[in-house]
Amino acid sequence: MSVDYKKIIPSMFIKEGRSVKWFGGKATGEDPLSLAMDYSNHGADSIIIFDLSENDDEHEQNLGLIKNICASIDIPVIGAGNVKRLEDIKKLLYAGCRMAALNFKKPENIRLSEEVSTRFGRDHIAACIDDPSQLEKGRNEIKNYINTLILVNEDNLDASADWVDRACSNNANPISVGFVPLFHKKSFHELAAVLRNYSVQGVSGGDINENPVNFMDFKRQCKGLGISVNTFESSLTFDDFKLNSDGMVPVIVQDYKTDEVLMLAYMDREAYDRTIETGLMHYHSRSRNELWKKGETSGHFQYVKSLIADCDNDTILAKVLQIGAACHTGKRSCFFNTMLKKEYDDANPLKAFEREYNTILDRKAHPKEGSYTNYLFDKGIDKILKKVGEECTEIIIAAKNPNPEEIKYEMADFLYHAMVLMVEKGVTWDEITKEINSR
């Protein structure tokens, strides 16, 4: 978690499947996934999620929500709450959390630090501290097994600052230990003061939890105070572009994951600057001759993932997270009127896997008589596992033979059966690629 900029880390508390504003608070009725996506889309650098479940069934429900959140957003998630044993840490990390937190209020969690750090790696382990004495009790564990400290003090700013100083002085390896004070009812102004004056990696709570749409404004305020934060900073100003006869630059818009071309629009200076400031795509509407915030009336916002200039600086390629449809007709993309098409092989490895996976998923949802895939699903997990094992063995045998062509066929069989297993267990390619990319 060690970085060279300060982080904005909203906190989320989940109870009975809904979000809760603060410890001990009542459920707001807000969907945790929607709230997490709001945080992610509006400039949060990470999210801390506290599981406030009171029984095993609720705990499993909340883990499912955390898994969905981790699969749906692009920023790291820190999982905390209801951690009692190594298995709980494993479930949080396997759900997709970048880091899992131990509550150092519990002596058994302090003792658990070495085991979970050895098993999963120090980089994935944090500790929640809500009393200075816990720094002393867990001094050795913090020094050797903890990556990040989350200082949970909702009322006393000065006390939290003192904890930070003590934690820094007590750690032989302060670079690997981060500090995230968690405050209740603190304004952006107060939180900016924390970032500026104290040895912390980031802040959470207060207005950060209440006003996700203002994250970028808050970051710009921090920037003005000399605080290093992660904002959208372009290497080019609008003056660097070669403009068309209308004084604008065309923008080609793509889906950031699939590379699907969504639309073509135009930016003037105001639209360009607003896009950089907010992280939301803005254009100049030529028909209305005014600034156009994409999605302002339809809700089909475009969140910036990257802006890339072409070789002549006269066109921008924008990769975005598209909410809903990009086209005013309701189509996902504006490009759907096929004029001509020559038959060609457009095989793409990832798309091939996605197509096969979706076919298997459809077979499970809509069984087809005589389908081998449905035969496997009908027989159940033991049969599927048996086939995965058999195909794995076939790969080994094929690899020992001189003809490498055999490996191709056996690998294809293995991957098919592996995808049947994925569908059976509810695992997606997106989750697997995210896991690979995080390593």
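Because the structure is a prediction, the values reported are computed rather than measured. Residue numbers start at 1 and run along the sequence shown.
- The pair Lys305-Asp74 meets the salt-bridge criterion, since a charged nitrogen lies less than 4.0 angstrom from a carboxylate oxygen.
- A donor-acceptor pair under 3.5 Å links the side-chain atoms of Tyr39 to the main chain of Asn209, judged by distance alone.
- Across all non-hydrogen atoms, the minimal contact from Ser113 to Leu102 is OG-CD1, 3.6 Å.
- Using a 4.5 Å heavy-atom threshold, the side chains of Tyr303 and Ile323 count as touching.
- Remark: Glu16 does not engage Arg18 in a salt bridge, criterion side-chain N to carboxylate O under 4.0 Å.
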Could you give me the CA-CA distance, side-chain angles and deciding distance for Glu424 and Ile381, then say whether side-chain contact (heavy atoms from CB on, under 4.5 Å) is met? CA-CA 7 Å; Glu424 178 70 13; Ile381 186 66; 4.0 Å; yes
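- Checking side-chain atoms of Asp240 against main-chain N and O of Leu236 turns up no donor-acceptor pair under 3.5 Å.
- Salt bridge Arg274/Asp268: absent, no basic N to carboxylate O contact under 4.0 Å.
- Between the side chains of Asp31 and Ser19, not a single donor N or O lies within less than 3.5 Å of an accepting N or O.
- Dense packing is recorded around CZ of Arg220, with more than 12 heavy atoms of other residues, nucleotides or ligands lying under 6.0 Å away.
- Contact of the Ile125 side chain with the Asn147 side chain is not registered, since no non-hydrogen atoms from C-beta on lie closer than 4.5 Å.
- Contact record, Ile49 with Val77: CD1-CG1, 3.7 Å, taken as the closest heavy-atom pair.
- Ser40 OG to Ile75 CD1: the interatomic distance, rounded to the nearest 0.5 Å, is 4.0 Å.
- Tyr283 has its side chain within reach of Lys294: a pair of non-hydrogen atoms, C-beta onward, lies under 4.5 Å apart.
- Contact annotation: the side chain of Tyr416 approaches that of Tyr372 to within less than 4.5 Å [non-hydrogen atoms, C-beta and beyond].
- Salt bridge annotation for Asp430-Lys257: present, with a cationic side-chain nitrogen under 4.0 angstrom from a carboxylate oxygen.
- Side chain to side chain, Asn289 and His284 meet the donor-acceptor criterion of an N or O pair below 3.5 Å.
- With hydrogens and angles ignored, the 3.5 Å screen pairs a side-chain donor or acceptor of Asp45 with a backbone N or O of Ile8.
- A distance of 9.0 Å separates CD in Glu431 from OG in Ser72, rounded to the nearest 0.5 Å.
- With Thr393 contributing its side chain and Gly389 its backbone, the two residues share a donor-acceptor pair below 3.5 Å.
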Test Lys106 against Glu108 for salt bridge (charged side-chain N to carboxylate O under 4.0 Å, His left out), laying out the working first. CA-CA 5 Å; Lys106 303 175 181 178; Glu108 60 270 25; 5.5 Å; no
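- Remark: Lys364 is positioned above the aromatic ring of Phe377, its terminal NZ or CZ atom under 6.0 angstrom from the ring centre and at most 45 degrees off the axis.
- Of the charged side-chain nitrogens involved, none lies within less than 4.0 Å of a carboxylate oxygen, so that Asp88 and Lys91 do not count as a salt-bridged pair.
- Ion pairing between Asp255 and Arg332 holds under the 4.0 Å rule for side-chain N and carboxylate O.
- Interatomic distance, Ser46 OG to Gln201 CD, rounded to the nearest 0.5 Å: 10.0 Å.
- Judged by distance alone, with hydrogens and angles left aside, the side-chain atoms of Asp51 form a donor-acceptor pair with the main-chain N or O of Ser53 at under 3.5 Å.
- Aromatic ring orientation, Phe188 versus Phe218: parallel (interplanar angle below 30°, classes split at 30° and 60°).
- Although no hydrogens or angles enter the test, the distance criterion places no donor-acceptor pair under 3.5 Å between the side chain of Thr315 and the main chain of Pro250.
- Of the residues Leu262, Ile308, Asp259, the one that meets the side chain to side chain contact (heavy atoms under 4.5 Å, CB included) test with Gln254 is Asp259.
- Put simply, the side chain of Leu280 reaches to within 4.5 Å of the side chain of Lys293, judged on heavy atoms.
- Heavy-atom contacts from other residues, nucleotides or ligands closer than 6.0 Å to NZ of Lys331 number 12 or fewer.
- The pair Lys386-Glu390 meets the salt-bridge criterion, since a charged nitrogen lies less than 4.0 angstrom from a carboxylate oxygen.
- Phe104 pairs with exactly one of Ile146, Asp130, Val152, Ile150 by the side chain to side chain contact (heavy atoms under 4.5 Å, CB included) rule, that one being Ile146.
- The minimum heavy-atom distance between Asn82 and Lys84, with the atom names listed, is OD1-CE, 3.3 Å.
- Shown here for Gly279 and Phe232, the closest heavy-atom pair between the two residues is CA-CE1, 3.3 Å.
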Intermediate values then yes/no, side-chain contact (heavy atoms from CB on, under 4.5 Å), Thr118 and Glu114: CA-CA 6 Å; Thr118 301; Glu114 180 178 2; 4.1 Å; yes
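- Between the Glu410 side chain and the Ile407 main chain, no donor and acceptor come within less than 3.5 Å of each other.
- Residues Leu195 and Val200 meet the side-chain proximity criterion, which asks for heavy atoms closer than 4.5 Å.
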Give the intermediate values and the outcome of side-chain contact (heavy atoms from CB on, under 4.5 Å) for residues Met419 and Phe353. CA-CA 9 Å; Met419 281 187 274; Phe353 287 142; 4.2 Å; yes
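- For the atom pair Met267 CE and Leu307 CG, the distance stands at 6.0 Å (nearest 0.5 Å).
- To the nearest 0.5 Å, atoms CE (Met248) and CG (Leu243) are separated by 9.5 Å.
- His124 places no side-chain N or O within donor-acceptor distance of the main-chain N or O of Ser117, the cut-off being under 3.5 Å.
- The minimum heavy-atom distance linking Gly81 with Phe50 is given by the pair N-CD2, 4.5 Å.
- Gln322 is listed as a side-chain neighbour of His300, based on a closest heavy-atom distance under 4.5 Å.
- Not less than 6.0 angstrom separates the ring centroid of His282 from the ring centroid of Tyr272.
- One finds the CE atom of Met99 at 10.5 Å from the CZ atom of Arg122 (value rounded to the nearest 0.5 Å).
- Put simply, the side chain of Thr275 gets close to the backbone of Ala271: a donor and an acceptor are under 3.5 Å apart.
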Given side-chain contact (heavy atoms from CB on, under 4.5 Å), test Leu35 with Met12 step by step and report yes or no. CA-CA 8 Å; Leu35 182 60; Met12 181 188 303; 4.1 Å; yes
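- Within the 3.5 Å criterion, the main-chain N or O of Asp57 finds no donor-acceptor partner in the side chain of Glu60.
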Let's go through Lys15 and Glu54 carefully: what are the C-alpha distance in whole Å and the side-chain angles of both, what is the deciding distance for salt bridge (charged side-chain N to carboxylate O under 4.0 Å, His left out) to 0.1 Å, and is it a yes or a no? CA-CA 8 Å; Lys15 187 173 184 179; Glu54 297 181 355; 3.4 Å; yes
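- Within the 4.5 Å cutoff, the side chain of Ile276 has no heavy atoms near those of the Glu233 side chain.
- Heavy-atom minimum distance, Phe215 versus Ala44: CD1-N, 3.5 Å.
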